[in-house]
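Position 1 is the first residue of the sequence; numbering continues from there.
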Amino acid sequence: MLVKNNVFFGDDALSKLIEGMGILHEAVSRTLGPGGLLCVREKVMWGYPKTTKDGATVARNIFIDDAAAQQGVEILKEAALRTCDEAGDGTTTSTILAYHLVKMAYEDIRRGHNRKAVIYAYKRHVKKYLDVLKTMGEMVPDVKDDKIRGVASIASNGDTELADAVLDAFGQAGEQAHVTVELSTTGKTYAEVTHGFTLDSGFITPQFMGKSPEELSKGLRIMHDALIVLFPFSLSRIENMTRFLDKLKSTGKEILLITNNLEGNSLASLVANYHRQDDPLKICAIKPPYQDSALNDKLYEDLALYTGGGLISQEDGIRVQDLNTSKVGSAKKVIVGPDKTWVIEGAGSGQAIEGRIYQLQQKITDNPDSPDIESWRERISLLQGAVGVVKVGGYTRQEAEERKDRADDCVHAVRSALEEGVCTAGGLTWLKLVQKVNEDDLNFIENLSELLENLVDRDEEELNLWDILYNENNERFLDAEESYDIGIALVLLSPLYILIKNAASYKDDPVECIQHFLKTPSDFLRFDDEVGGLFVVFDEPNVSMYDPLKVLRCALQNAWSVAELILNTHTLLSIKSSDAESEAAVKNRMMQMQISMGQM
């Protein structure tokens, strides 16, 4: 059947894309900050609605009737979810920045200004601000630092019990350790530590990614009570292993295969079997992390000891088709990501593992000048590895799941803060960035404050930040270069503007608050339980509120990447459907998406 398209050109195409972006922006931006509100998501076929304040979850579930506008939704999702993948947080900030970048530049383009000149100007300014932003992080020594506690407090939305549990998990397991989040079976929230073996290698292909909502949202494969098969050579004919794999499959357990390589049709065959609708083979394959085969051989030996299994080696003289399960190890849990794998609580003997660690320590002592010392130390570290687990509870399952989303955000925020440092939270880093970049321009803050004042004085029902640069006659207040300077500054202030708008008490106006901060940058935001959230205070000190710099950097980088793509669009194609079909089509599209994400 020939598929027909609706075709949009020029301003019509941009308008449709921006319409979709606006819908996603409204849904996601309302979750920002302590004063953010919840989103309730309908389950298409069955189950209770899910409530969440997690921007990534909200973004993933936006599907609208208009197929053309939906493409704007999908493109904006790319910025949000890419930031989430890179930094673990920042979905909402990236969405806000991308939308305001597009809207701000579009106001120039639709008034007849040269499109390429506008895009180039904003690209140049974004790069300038990114270069300065990268210098604004303050590194922290460890998770005990008050600044890390401030990051955890913000990321958990002021839930001190969650923040304490996350920091406790990092403290017990170590700052470089992996920390996971699980629902508690007791209803209580706490941290615990288990032993884990970390490999710097992920699944051979993303097609081995898990099928549950949690796995898909994080880009992981999570296996419980998994079998571990160590195959220290390349597999070229997987059909020779059919009998062996059938034996493993009959156990009903998931299988982690670690092999040097999958050649020929072996990989395609395993992927096809994993994705079978009827009786799939629950397998995931990874390669060892090292280029040096000698290091990989030692890794296989240590893994065999840790998992209580053995090496399936060609030197044993056993044909592949005659393999049995005697050398298969196991672990209580395995987490596989794009570039890392965690084998947690292997079934190996603790006494044997301690013996191997002792042997390696003796080698270091007896051979202080050996070139292998670093590899011995790394092997000891892997065998001694720990994994932190945050158990999240709640009075109801819905509450526990919503808190689990926030605990995930908290873990990623703490990790990002440890990697690239921290900066002032509450959107104020964006304001400080604007001030720092323009500190040599004496008229900049004055011009910006004056334009904000004009926005407040204008007699219109609803005004947005992109309305500032033009008067009622569609004329610029400033010349082109000054307008671009002010425009990018307003984009960067948009997260602060929306945070205050979401959380402001009766006495707070977002524009007036921004004006105040421009003049008095030493003031901060704080929590106030008496008004039920966060509001602006003009005369009290900061209460240890910080954001990870990595989140802000990734948010701005990805926001511009998507904005540039949108602004360069001239033609938009969308599948044509009749009005009578539209509601059913959207319902079916949501159903198919949720089935593919395992959310049904």
For the [atom1] atom of [X] and the [atom2] atom of [Y], what is their distance to the nearest 0.5 Å?
{"X": "Trp430", "Y": "Leu493", "atom1": "CH2", "atom2": "CG", "value": "10.5 Å"}
{"X": "Leu382", "Y": "Thr198", "atom1": "CG", "atom2": "OG1", "value": "7.0 Å"}
{"X": "His412", "Y": "Cys84", "atom1": "NE2", "atom2": "SG", "value": "6.5 Å"}
{"X": "Lys144", "Y": "Ile148", "atom1": "NZ", "atom2": "CD1", "value": "13.5 Å"}
{"X": "Phe444", "Y": "Ile486", "atom1": "CZ", "atom2": "CD1", "value": "4.0 Å"}
{"X": "Thr424", "Y": "Leu431", "atom1": "OG1", "atom2": "CG", "value": "10.0 Å"}

Do you know which two heavy atoms are closest between [X] and [Y], and how far apart they sit?
{"X": "Met209", "Y": "Gly219", "value": "SD-CA, 3.7 Å"}
{"X": "Glu419", "Y": "Met139", "value": "O-CE, 3.7 Å"}
{"X": "Ala555", "Y": "Gly90", "value": "CB-O, 4.3 Å"}
{"X": "Asp108", "Y": "Val118", "value": "CB-CG2, 3.8 Å"}
{"X": "Pro495", "Y": "Val491", "value": "CD-O, 3.6 Å"}
{"X": "Val387", "Y": "Ala173", "value": "C-CB, 4.0 Å"}

Within a strict 4.5 Å, meaning less than it, do heavy atoms of the [X] and [Y] side chains meet?
{"X": "His100", "Y": "Leu490", "answer": "no"}
{"X": "Tyr497", "Y": "Ile96", "answer": "no"}
{"X": "Phe170", "Y": "Arg415", "answer": "yes"}
{"X": "Val390", "Y": "Val179", "answer": "yes"}
{"X": "Ile335", "Y": "Thr180", "answer": "yes"}
{"X": "Tyr106", "Y": "Ser15", "answer": "yes"}
{"X": "Thr52", "Y": "Arg41", "answer": "no"}
{"X": "Glu78", "Y": "Glu74", "answer": "no"}

Open item on the list: Applying side-chain contact (heavy atoms from CB on, under 4.5 Å) to Lys287 and Ile204, what does each step give before you reach the verdict?
Closed with: CA-CA 7 Å; Lys287 294 180 183 181; Ile204 292 177; 3.9 Å; yes

Side chains of [X] and [Y], donor plus acceptor under 3.5 Å:
{"X": "Gln435", "Y": "Glu439", "result": "no"}
{"X": "Ser94", "Y": "Asn558", "result": "no"}
{"X": "Tyr546", "Y": "Thr429", "result": "no"}

So, [X] side chain and [Y] main chain: donor-acceptor pair closer than 3.5 Å or not?
{"X": "Lys550", "Y": "Glu86", "result": "yes"}
{"X": "Arg221", "Y": "Val336", "result": "no"}
{"X": "Ser449", "Y": "Ile445", "result": "yes"}
{"X": "Gln70", "Y": "Ile64", "result": "yes"}
{"X": "Thr95", "Y": "Thr91", "result": "yes"}
{"X": "Glu175", "Y": "Val143", "result": "yes"}
{"X": "Asn568", "Y": "Glu564", "result": "yes"}
{"X": "Thr189", "Y": "Leu162", "result": "no"}
{"X": "Asn438", "Y": "Val434", "result": "yes"}

Task: Row check, Phe63 ring normal vs Lys77 NZ/CZ: under 6.0 Å, within 45° - done: yes

Task: From CA spacing to verdict: side-chain contact (heavy atoms from CB on, under 4.5 Å), Asp200, Lys340 - done: CA-CA 5 Å; Asp200 290 326; Lys340 279 191 181 292; 2.3 Å; yes

Task: Within 6.0 Å of NZ in Lys127, more than 12 heavy atoms from elsewhere - done: no

TODO: Kindly check if the number of other-residue, nucleotide or ligand heavy atoms within 6.0 Å of NZ (Lys134) is above 12?
DONE: yes

Task: Verdict with reasoning, Leu167 to Val414, per side-chain contact (heavy atoms from CB on, under 4.5 Å) - done: CA-CA 8 Å; Leu167 294 176; Val414 170; 4.2 Å; yes

Using atom types as modelled, flag every donor-acceptor pair under 3.5 Å from a side chain in residues 17-33 to any protein atom, sequence neighbours excluded.
| residue | atom | partner | partner atom | Å |
| --- | --- | --- | --- | --- |
| Ser29 | OG | His25 | O | 2.6 |
| Arg30 | NH1 | Asn502 | OD1 | 3.0 |
| Thr31 | OG1 | Val28 | O | 2.7 |

Open item on the list: Applying side-chain contact (heavy atoms from CB on, under 4.5 Å) to Leu567 and Val102, what does each step give before you reach the verdict?
Closed with: CA-CA 7 Å; Leu567 293 169; Val102 170; 4.3 Å; yes

Task: side-chain contact (heavy atoms from CB on, under 4.5 Å), paired with Pro548, selected from Cys423, Cys554, Ser416 - done: Ser416

